[in-house]
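Below: the structure, in structure tokens.
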Amino acid sequence: MHLYSTLTKTTEPLTTLHPDRVYLFVCGPTVYDYSHIGHARTYVVFDVLAKFLRSTGKEVFYLQNITDVDDKIINRAKEEGISQSELARKFEREYLRDMQALGINAVSYYARATTHIPEIIDQIGRLLDRGVAYVTEAGVYFNVDTFERNGELSGQERAKRVSRVTDESKHNPNDFALWKLGEYGEYTWDSPWGRGRPGWHIEDTAISEKYFGQQYDIHGGGLDLIFPHHEAEIAQMESLEGKHPMVRYWMHTGFLTVNGEKMSKSLGNFITIRDATKTWKPDVLRYFLLLSHYRSPLQATDEGLANAAKRLEHIRAIAQEDMGPDIFGRKAFTEAMENDLNTPMALATIQRLAANGDIGALKEYGKILGINFLRETSAPLSVLQEIREELRARKQFEVADLIREKMVEAGITVKDRAL
RNA sequence: GCCGGCGUGGCAGAACGGUUAAUGCCUCCGCCUGCAAAGCGGAUGUCCGGGGGUUCGACUCCACCCGCCGGCGCCA
């Protein structure tokens, strides 16, 4: 397996800390709203990565955090007149429901920020002990000047990068909050520095340190998290005991765009997973999302989705008789996946496997990709089709055609035999 | 301004520096079909944003230019 890492900007062979085990951490959602299909892209990609690695015999511990304490949650809860935990739990459930709907089920463990407060406080305490953080009247801050490698991931030089977060009490504008003092309602905790709540970046490192230790293999997330979030994670974790690198492979997924612009909640140009699954089957959505490489931007259009639906239908139509294993096709599939998860190429080989009738491979790879490449037949459908055949045999075409019309409208592909 | 990425046929989207530049959709023709759809067979179509460099040879490497997107508040 070769993976591209944002840290080195090169594609390198995957070597893990433990020979047969992969520790994978992916930044999960902030649960204050429904997720959109841009999120789906990221989570589908890592779902496929984990499943593929497992198919090669690796044990994958896939950890994902749930950010359930955050400004947006506080504000949203206020707006809706419900408690923060009610809101967070609600959208956490909705998130998990969306993930389930899309067949995203490779995550080993979901970890909430709010159930890891002791770990967060402990980690902040150790950062203070090491002299890389300081306390002000507003909270505890990380001193970025103490971390030489700051900017390594994003390629930004420290002097040129200026945070827009203004806070008079900070020593340096680029310093970021580890603990924010104050009363934030329900989600406020006691700490050695006073009551308050954790900063955004510290939850991830507290969680990943608890389950993985200070070094692990792969950290994933959207491209937009590189700065400041992932930079901050590196600074925090590597400052603890100086282990470097905290993570060998930083994987960042490209954006799903709408009219050339990033799909995001703040731009309001997003399509929720909930809505998308009303129109498109999960198989089609996954197929569409995997049709381009995970690091490339991908245009979300109805045309693109429709195209994906047709392609998938085409594969199902040509994958009929089992002709046994297609050795070359299988090899091509594996090679594509191993080449920085080149799913577009892998899907091209699926086409070939379907054409060559390697039903076994289609089943197996379908599980990895979370897409069913084989035509499903249900009892009611075959009964209906039998009736049509009978009508056609009796040359009662009007009724037969009406049934066919209705079936097509319902999205069912009808394939007639010659009379 | 600084940093990162992208620019391939009508569309989406791939490609160890070296055969006719994947795959699918679209379009056209034929076969098949009760008629369609699906399937099958075939055809049209791009010389890879631009002009340079390196090389025996570049879509693939290097520098530059143009265009687009993103990060430097929040964001997968």
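A, B, ... follow the sequence lines: proteins, then strands. Residue 1 opens every chain. Computed from a predicted structure; not experimentally measured.
- Among the atoms of the strands shown, none is found under 4.0 Å from any heavy atom of Gln320(A).
- Judged by a 6.0 Å distance limit and a 45° cone about the ring axis, Arg197(A) is positioned over the six-membered ring of Tyr184(A).
- Using a 4.0 Å heavy-atom distance criterion, Thr257(A) is classed as making no nucleic acid contact.
- Base-pairing analysis of RNA chain B finds the following stems of at least three consecutive Watson-Crick or G-U pairs, with both pairing distances under 3.5 Å: B:1-7 with B:66-72, B:10-12 with B:23-25, B:27-31 with B:39-43.
- Contact annotation for His36(A): base contact, defined as any heavy-atom pair under 4.0 Å involving a base atom.
- Closest approach of Arg417(A) and Glu389(A) over heavy atoms only: N-OE2, 4.0 Å.
- Dashed line: the shortest gap from a side-chain N or O of Asn342(A) to OP1 or OP2 of rA15(B) is under 4.0 Å.
- Residue-level contact check: Ile318(A) touches the backbone only, with heavy atoms under 4.0 Å from sugar-phosphate atoms and none from bases.
- Using a 4.0 Å heavy-atom distance criterion, Arg404(A) is classed as a base contact.
- Residue Ile226(A) is out of contact with every strand shown, counting any heavy-atom pair closer than 4.0 Å.
- Residue Lys262(A) has a polar side-chain atom (N or O) positioned under 4.0 Å from OP1 or OP2 of rG71(B).
- When each of Phe373(A), Tyr365(A), Phe328(A) is checked for a ring-ring contact (aromatic ring centres under 6.0 Å, His included) with Phe333(A), only Tyr365(A) meets the rule.
- If you find the closest nucleotide of RNA chain B to Lys395(A) and to Arg375(A), the one lying nearer the 5' end belongs to Lys395(A).
- Identified under the salt bridge (Lys or Arg N to Asp or Glu O under 4.0 Å) test for residues 207-216 of chain A, with sequence neighbours left out: Glu119(A)-Lys210(A), Arg126(A)-Glu209(A).
- Nearest-nucleotide positions on RNA chain B for Lys9(A) and Tyr32(A) put Lys9(A) closer to the 5' end.
- Residue contacts for Tyr43(A): at a heavy-atom cut-off of 4.0 Å it reaches the sugar-phosphate backbone alone, with no base atom in range.
- Residue Lys310(A) places at least one side-chain N or O under 4.0 Å from the OP1 or OP2 atom of rC26(B).
- Nucleic acid contact class of Leu225(A) (heavy atoms, under 4.0 Å, all strands): sugar-phosphate only.
- Between the side chains of Gln236(A) and Thr205(A), at least one donor-acceptor pair of N or O atoms lies under 3.5 Å.
- Residue Arg392(A) is classed as a base contact, given a heavy-atom separation below 4.0 Å to a base.
- Asp70(A) has its side chain within reach of Thr67(A): a pair of non-hydrogen atoms, C-beta onward, lies under 4.5 Å apart.
- In this structure, Gly220(A) reaches neither bases nor backbone, as no heavy-atom distance under 4.0 Å exists between it and the strands shown.
- Backbone-only engagement by Gly221(A) is indicated by non-hydrogen atom pairs under 4.0 Å involving sugar-phosphate atoms exclusively.
- Heavy atoms of Leu298(A) sit under 4.0 angstrom from primed sugar atoms or phosphate atoms, though from no base atom.
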